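See structure below.
For the numbers below, each heavy atom of this structure counts, side chains included, while hydrogens, waters and symmetry mates do not. Predicted model only: the values in this text are computed from it and were never measured.
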Amino acid sequence: LDIEEQQKNDLQLAIANGTLDQWSLIRLQSNKASQRMAKHLTFLDKAFWITESDNSPKHVAGMQFLAFPENNSVEENQQYVSNLAKELRKFDQPQSPFSCIVVSFLGFPLKLVDAEKLDMNYHVQQHKIKDVGDTDEINAFVASLHEVRLDRDKPLWQYHLIESESNDRYAIYVKIH
């Protein structure tokens, strides 16, 4: 069932059971409104899209440094980031808002549409550098990732899992438009 059909079924069931209250109705209306808004591009969204260039990308990003679980063996730590990447790539069913692709005409953004499928090898990437704890090395590496614009033919987000060859930390760098 799609989301709207599921909401109708939930509403009918709540009415039949006598469990529909004011807050449930407000929540259902709010969910429906947010679904409509997810398909709408604001003036600011359009401005960012139009003014983006190779020299001025408009995506934003964040990075988090993490340590392996304390009870892991050395062998488990060596496979941890690979296993995490495999696990994340299993979430390949498009879900709003991470399923949206911008439809444009002659470079002007018109609307958002849902992707039919996600290329999880594009959206979740794994990298290995010598030392995640080396500030200069991680900053240079992440700067090279940040330079590249997101593919406009795909939903505009990426996860980069960065593992270290020489210490017990890894990083997750997330880039989103």
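Contact check for Trp49 versus Lys58: no side-chain heavy atoms found under the 4.5 Å cut-off. For the pair Val102/Asp45, no side-chain contact is recorded, criterion being any heavy-atom separation below 4.5 Å from C-beta on. Considering only heavy atoms from C-beta on, Cys100 comes within 4.5 Å of Asp114 through its side chain. Contact of the Lys111 side chain with the His40 side chain is not registered, since no non-hydrogen atoms from C-beta on lie closer than 4.5 Å. Between His123 and Pro155 the shortest side-chain heavy-atom distance falls below 4.5 Å. Counting heavy atoms from C-beta on, the side chains of Ile138 and Ile129 come closer than 4.5 Å.
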CA sep, side-chain torsions, deciding dist, call: His177, Trp157, ring pair (Phe, Tyr, Trp, His ring centres under 6.0 Å):
CA-CA 6 Å; His177 201 288; Trp157 62 272; over 10 Å; no
- Starting from the C-alpha separation in whole Å, work towards a yes-or-no answer on side-chain contact (heavy atoms from CB on, under 4.5 Å) for Val81 and Gln126. CA-CA 8 Å; Val81 175; Gln126 183 180 349; 4.0 Å; yes
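Remark: Gln78 CD to Ser73 OG distance equals 8.0 Å, nearest 0.5 Å. Here Asp119 contributes atom CG and Asp153 contributes atom CG; the two are 12.0 Å apart, rounded to the nearest 0.5 Å. Taking CG of Leu88 as the start and CE of Met120 as the end, the distance is 7.0 Å to the nearest 0.5 Å. Distance check: Arg89 CZ to Tyr122 OH gives 13.5 Å after rounding to the nearest 0.5 Å. Here Asn77 contributes atom CG and Glu70 contributes atom CD; the two are 11.0 Å apart, rounded to the nearest 0.5 Å.
Between the side chain of Tyr80 and the backbone N or O of Pro69, no donor-acceptor pair lies under 3.5 Å. Ser56 places no side-chain N or O within 3.5 Å of a backbone atom of Glu52 that could act as its donor or acceptor partner. Between the side chain of Gln158 and the backbone N or O of Leu150, no donor-acceptor pair lies under 3.5 Å. Proximity of a side-chain donor or acceptor of Ser99 to a complementary backbone N or O of Pro94 within less than 3.5 Å is not detected. Using a distance-only test at 3.5 Å, with no hydrogens or angles considered, no donor-acceptor pair links the side chain of Asn72 to the main chain of Phe68. Counting only distance, with no hydrogens or angles, the side chain of His59 and the backbone of His146 share a donor-acceptor pair below 3.5 Å.
Here the shortest heavy-atom pairing between Thr51 and Ala47 reads OG1-O, 2.8 Å. Here the closest heavy-atom approach between residue Pro57 and residue Glu147 is recorded as CG-O, 4.4 Å. Minimum heavy-atom separation, Ala171 to Val132: CB-CG1, 4.1 Å. In this structure, Lys130 and Ser166 approach most closely via the heavy-atom pair O-OG, 2.7 Å. Among all heavy-atom pairs drawn from Glu137 and Asp131, the shortest one is OE1-N, 3.0 Å. When all heavy atoms of Lys154 and Ile101 are compared, the closest pair comes out as C-CG1, 3.9 Å.
Taking the side chain to side chain donor-acceptor pair (under 3.5 Å) definition, one finds that Lys128 meets it with nothing, sequence neighbours left out. In this structure, the side chain to side chain contact (heavy atoms under 4.5 Å, CB included) partners of Phe108, at least two apart in sequence or on a different chain, are Lys46, Ile50, Leu110. In terms of the side chain to side chain donor-acceptor pair (under 3.5 Å) criterion, Arg169 has no residue partners (sequence neighbours excluded). Applying the side chain to side chain donor-acceptor pair (under 3.5 Å) criterion to Asn139, with sequence neighbours excluded, gives no partner residue. For Lys90, the side chain to side chain donor-acceptor pair (under 3.5 Å) partners are Glu87, not counting sequence neighbours. Residues forming a side chain to side chain contact (heavy atoms under 4.5 Å, CB included) with Leu145 (at least two apart in sequence, or on another chain): His127, Phe141, His160, Ile162, Tyr173.
Within 6.0 Å of the CZ atom in Phe65, the count of heavy atoms belonging to other residues, nucleotides or ligands exceeds 12. Residue Glu116 places its CD atom among 12 or fewer non-hydrogen atoms of other residues, nucleotides or ligands, all under 6.0 Å distant.
Transitive grouping of hydrophobic side chains (ILVMFWY, heavy atoms separated by less than 4.5 Å) keeps Tyr159 and Val148 in distinct clusters. Tracing side-chain contacts under 4.5 Å through hydrophobic residues (I, L, V, M, F, W, Y), one never reaches Val142 starting from Leu66; they form parts of separate clusters. Under a hydrophobic-cluster definition in which Ile, Leu, Val, Met, Phe, Trp and Tyr are linked whenever side-chain heavy atoms come within less than 4.5 Å, directly or via other members, Phe98 and Phe91 are assigned to different clusters. When the side chains of ILVMFWY residues are joined at heavy-atom separations under 4.5 Å, either directly or via intervening members, Val60 and Val174 end up in a single hydrophobic cluster. Under a hydrophobic-cluster definition in which Ile, Leu, Val, Met, Phe, Trp and Tyr are linked whenever side-chain heavy atoms come within less than 4.5 Å, directly or via other members, Val124 and Ile172 are assigned to the same cluster.
The existence of a salt bridge linking Asp54 and Arg149 is confirmed by a sub-4.0 Å separation between a basic side-chain nitrogen and an acidic carboxylate oxygen.
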